[in-house]
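Numbers restart at 1 for each chain; the letters A, B, ... are given by sequence-line order, proteins then strands. Because the structure is a prediction, the values reported are computed rather than measured.
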Amino acid sequence: MTDVIALLRYPFIVNALVTGSAVAVAAAASGYFMVCRRATFAGHALPNIGFAGAAGAVLMGIEPVLGLFAITILAAIAMGVLARDLRDRDVTVGVIMTFALGLGFLFLALYSGYAQRVYGILFGSILGISVQASRLTVAAAAASLAGLALLYRPLLFSTFDPELAVARGVPVSLLSVLFLVILAVIASLAVQVMGALLLFTLLVGPAATATRIVKSPPAAIALATGLGLLYVWLGTMAAAANGTIPVSFCIASISFLVYLPVRLFVRPAARHREAPRHQRRTA
Amino acid sequence: MTIQLLASDIFRNAMIAGTIAAAVASLVGYFVVLRAQAFAAESLLDVSFAGATGAALFGVAPVLGAAILGLGAAFGIGAMGERARERDVEIGMVVSFALGLGIFFLSLYARGSALHATAGMSILFGSLLSVQPQDILRLSLLSAVVLAGLAGVFRPLLFSTTDPEAARARGVPVRLLSTLFLLILALAAAAGALAVGILLAAALLIAPAATAVRLTRRPSATLVLSLCLGVGIIWGGILISFLWPGRHPPVGFSVSTLAAAVYFIGVAASRRAYARREKTIIIGDSAETAQWTSRKESTKRLRSSVKEKPGPGVPSHRT
C-alpha cells in the first residue's frame, strides 16, 4: 500500500492516470452506444485503421495525430455510408480494416526507420505519455463527450427503435455516421497515447458489463464510466507497482475477469436484452 | 533478374503456401460472410496471435499454441453468445483479452529489445516470403482437417445458415453446428495466421467470399467464384510485389489492396446489375400492358420476372 502511494509522487504516473481517466470516461460513454448499436467490430477496427494514418504521417514527416484523424474519420464515414444491413456492415468493416492495415504495412516498409514508434501506436504504453499529449487527449475526450451529449436523445432513440425513429423523421443514417465519427475522434487521440488494444478494452469492457447489470441508459452509462475509471486506476497501479507487466494486459485482464462472472450469473437487464427490431430476424 | 526471382525457392514456397491458405480461407469465408461472422473470424485470428506468442514463450510449436487457444476461444464464443447481438459483445471481450495476453507473452518473450517490435510485426503482418517447406507441410495438414470438417457439415450448415428457423424445425442441431463452424474457423484462422499472417488471412477470409456472394446466387457457383477470386487475389498480389519495378511493396500490402479493390468493384457491379434489371422489368411491364397481350401470358411473364428479381442488396442464398 505504501508502495502505491509512493508511486503517486512520480509525475509520469499522475500523467498516465489523468489521461487514462479522461479516455476511460469518453470511451465508456461511447462504448455504451457502441455495444447497444452492435458496432463492436467498428470499434475494434477504427483504432487499427488509425495505425495506417499514423504510419503514413510518420513517413511524410507530419504530426501522427493529423494522419490518425484524417484516416479514421474517412474510414468512419465510409463505414457509415457503405454498410446498410447487418451482413453488409460486418463485411465492409472487415474489408476496410484489412485494406488500412495493408496500407500501414506499406508505409512501415517504406519508412524503414525504427518500427518501435509505429509499433507503439498498435500496442501503446500509457506510462510514456508527455504532458502535451496528455492535455490534447483530455481536450479530445471532452470534445467527444460534448458531441455525445448533444446527440444523446436522438442517438438513443435511433439505437433502440430505429424504425420508429425513421418514421418520426430522425436522421438515422446521418446519426450512425456521426456516431462513428465521434468514435473515430476518440480513437485517433487515445490510440497514440495508449494503443489500439487498451482503447478497445476501455470501449467494450465497462459497457458490456454495465448493460448486463442495470436497465436505464443513464444508469448504464454512469456504471460503465465508474467501471472504466476503476479498471484504469487498478491496472495502471498494478502494472507500475510490478514493473514488468504491460499496462494494457493488466487492464484487459481486469476487464475480462469482471465481465466473466457478470456474464455467467447475471441475467441481462431487460432494456438491453432485445436486439433492435429490424435486426432481430438475423439473430 | 526478374526471371531469377520467379524461379527462386522463395517465390515458389510463397506461391504454394499462399494458394493453399487462399483456397481454404475463401471456402471457409463463404460461411463467414453468410453468417455475418467477419468479426468472429478477425477475433479468432487475434487469438491465434496470442496463442503463437505464448507457445513461443513456452518453447512449443507456435501452431499448436494458436490452435489450442483458438479452439478454446471458439468454444467460449459458441457457448456464450446465443444471439448475434450478444455474440458481438462476447467476441469483443475475447479479442480484448486475447490481444492483452498476446502483448503480455510478447513482452516476456523479448523484454524491451527491438526484437519485441519485430516479432510482433512479423506475426501480425506475416511473412509469406520466409515460408519454409515444413511450414507448407503443416499448413497442408491443417487445411486438410479444416476442409474435411467443412465437407462433413456442409449441407446441414448451409441449411441452418440460410434458414435457421426451418432448420431447427426439421431437427437440425443449429446451435451445435454454430459451435462446430466456429471450431473449424478457429483451425483455419490458426493455419492462415501462421502461414501468411493475420492481415492476409483476414483479407482472404472476407473479401473473396463477400464479392462472390454479391455476384452469384447458387451456393456452388458462389463457392467456385470465391475460390477463384481468393487464389487470383493472392497470385496477383504476390506477382505485383515481385515484379514491381524499383522497391518491392510488401506482399501484405498488395494482397490486401487487391482484395479491397475486388470487393468494391464487386459491390459496384452488383448494384449496377440490380438497377438495370429493375429498369428492364418496368419497361417490359409497360410494353406488355400497351400491347394487350393475353392475361395468362402476361401473368406468366410477370411471374418469371419477379422470380429473377433478387432481394435488395444481397442475393438470396436459398438451397
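- B:Ser241 places a side-chain N or O within donor-acceptor distance of the main-chain N or O of B:Pro249, the cut-off being under 3.5 Å.
- In this structure, the portion of A:Leu260 lying under 4.5 Å from any heavy atom of chain B is its side chain and not its backbone.
- Between the side chain of A:Asp90 and the backbone N or O of B:Ala38 there is at least one donor-acceptor pair closer than 3.5 Å.
- Top candidate by heavy-atom pairs under 4.5 Å with chain A, chosen from B:Ala259, B:Ser43, B:Ala207, B:Pro250, is B:Pro250.
- Side-chain N or O atoms of A:Ser253 include one that pairs as donor or acceptor with a backbone N or O of A:Phe249 at under 3.5 Å.
- For A:Thr98 (side chain) and A:Val95 (main-chain N/O), a donor-acceptor pair under 3.5 Å exists by modelled atom type.
- Neither the backbone nor the side chain of A:Leu257 comes within less than 4.5 Å of any heavy atom in chain B.
- Neither the backbone nor the side chain of A:Ala100 comes within contact range of chain B; no heavy atoms are under 4.5 Å apart.
- When A:Ile96, A:Leu103, A:Leu264 are compared by the number of non-hydrogen pairs under 4.5 Å with chain B, A:Leu103 comes out ahead.
- In this pair, A:Phe200 and A:His44 present their aromatic rings perpendicular. The plane angle is above 60°, beyond the 30 to 60° band.
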